[in-house]
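Quick notes on the structure that follows.
Values in this document were obtained by computation on a predicted structure and should not be read as measured data. Residues take their numbers from the sequence shown, with the count starting at 1.
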Amino acid sequence: MPETDVPKPKRMVVGFMVGGDGRLHGPGVYGPSRLTFGLLVIALGVLFMLDNLGIARAGDILRWWPALLVVYGVARITGWNCRVHLASGVLFTILGSWMLLHTFHLVRLGILDLWPLVLILLGASMVTGTLQRARSSRGGDDASPSLNALALLSGVQRKVVAQDFRGGDITAIMGGHEIDLRPARMAEGQAVLDLFVWWGGVELRVPEDWRVSVEAQPIMGAVVDETRAPIGEARGVLVLRGLVVMGGVEVKN
């Protein structure tokens, strides 16, 4: 009997997937995230080299690193070169700003003393998201063209039935999502889901005629695309962007 081709199982590495061909796949290998981290590694190498040569002191420069959190937060708030995500933007802006002030001894309290503010911001985001879903959902199914999902220390299940789906944002902080997009249809040829996962997990199920493009950046986490390629022409492209920190995102069809 002729041997049938049996696909080899995939193995997950931090931020990557090792396919049956033994090669790495994922946003850490291809896409803009590789460019970003490549430039960051080069900058660190140049900085340490200048320090060894006595031209610059690496410690004096690295103490400014929280400024990167501020820049990222402001970008998420204003939508500069990315989708607007108010909850994560405000969170990163406050964290980075306070760490800078504490580093230069302008405030006495450390960042851990501000943890109640995080609960306030997340609570406000939960209330806003709940009110939006209450206006657009019927019978437990979400018919809104824009998905707004938040899981905080909890698990959330959602079925999206929108026939003009345009994307949205998913936030999971020490919680998880199970989102079924199979009944949905795209209004245009592409929809973008902006992810913010912190110590959490997201499981997405998409239609078989959709193609998935992973552009999200995992940090000590992973984004795993287990979907099969569409038969024929794809009827939509689902783009995953955002940040996954010590968490996981899995996409299936």
Side-chain angles (χ1 to χ4, degrees), residues 4-13 15-36 79 81-85 133 136-137 140-149 156-172 176-197 200-218 221-244 247-253:
T4 58
D5 294 332
V6 179
K8 296 181 180 180
K10 298 178 179 179
R11 295 180 287 114
M12 184 171 66
V13 184
F16 306 99
M17 286 298 298
V18 181
D21 56 1
R23 297 177 58 188
L24 288 176
H25 302 275
V29 180
Y30 304 104
S33 61
R34 183 188 183 188
L35 175 62
T36 302
N81 203 30
C82 64
R83 287 174 60 90
V84 175
H85 197 288
R133 290 192 295 271
S136 60
S137 300
D141 294 341
D142 193 343
S144 172
S146 181
L147 176 64
N148 184 359
V156 177
Q157 292 183 339
R158 181 83 60 83
K159 178 182 287 188
V160 178
V161 298
Q163 300 303 297
D164 54 349
F165 183 67
R166 301 177 184 275
D169 59 83
I170 300 174
T171 303
H177 288 280
E178 292 183 11
I179 299 178
D180 188 358
L181 293 168
R182 288 175 294 182
R185 297 293 180 268
M186 288 189 187
E188 301 175 354
Q190 177 176 298
V192 178
L193 278 179
D194 199 353
L195 305 170
F196 179 64
V197 181
V202 176
E203 179 180 306
L204 295 173
R205 293 188 177 273
V206 302
E208 294 186 351
D209 55 2
W210 284 13
R211 182 169 60 84
V212 178
S213 175
V214 178
E215 299 179 7
Q217 176 59 58
V223 181
V224 182
D225 180 9
E226 293 187 344
T227 59
R228 297 179 297 273
I231 300 177
E233 184 178 358
R235 299 201 174 196
V237 178
L238 181 66
V239 181
L240 302 181
R241 296 175 181 167
L243 192 63
V244 180
V249 177
E250 186 176 14
V251 189
K252 302 179 179 179
N253 59 3

(request) In sequence, state the C-alpha distance, the side-chain angles, and the governing distance for Phe165 and Leu147, and then conclude on side chain to side chain contact (heavy atoms under 4.5 Å, CB included). (result) CA-CA 8 Å; Phe165 183 67; Leu147 176 64; 4.0 Å; yes
Which pair of heavy atoms, one from [X] and one from [Y], lies closest together, and at what distance?
X: Val197; Y: Gly248; value: CG1-N, 4.4 Å
X: Ala162; Y: Ser144; value: CB-O, 3.3 Å
X: Gln163; Y: Val161; value: NE2-O, 2.9 Å
X: Pro218; Y: Ala216; value: CD-O, 3.3 Å
X: Gly168; Y: Ser146; value: CA-OG, 4.1 Å
X: Ala191; Y: Gly167; value: CB-N, 3.8 Å

Nearest-0.5 Å distance that lies between atom [atom1] in [X] and atom [atom2] in [Y]:
X: Ser213; Y: Leu238; atom1: OG; atom2: CG; result: 9.0 Å
X: Lys159; Y: Glu178; atom1: NZ; atom2: CD; result: 12.5 Å
X: Leu195; Y: Leu204; atom1: CG; atom2: CG; result: 7.0 Å
X: Glu250; Y: Asp225; atom1: CD; atom2: CG; result: 10.0 Å
X: Asp164; Y: Met186; atom1: CG; atom2: CE; result: 12.0 Å

With side chains defined as the heavy atoms from C-beta onward, is the minimum distance between [X] and [Y] less than 4.5 Å?
X: Leu193; Y: Ile170; answer: yes
X: Ile231; Y: Glu208; answer: no
X: Trp210; Y: Leu181; answer: yes
X: Val224; Y: Val249; answer: no
X: Ile179; Y: Val160; answer: yes
X: Glu215; Y: Val239; answer: yes
X: His177; Y: Glu203; answer: no
X: Pro207; Y: Arg185; answer: yes

(message) Test of understanding: with side-chain hydrogen bond (donor to acceptor under 3.5 Å, both in side chains), list the residues that count as partners of Asn253, not counting sequence neighbours.
(response)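 Partners of Asn253 by the side-chain hydrogen bond (donor to acceptor under 3.5 Å, both in side chains) criterion come out as none, since no residue qualifies.
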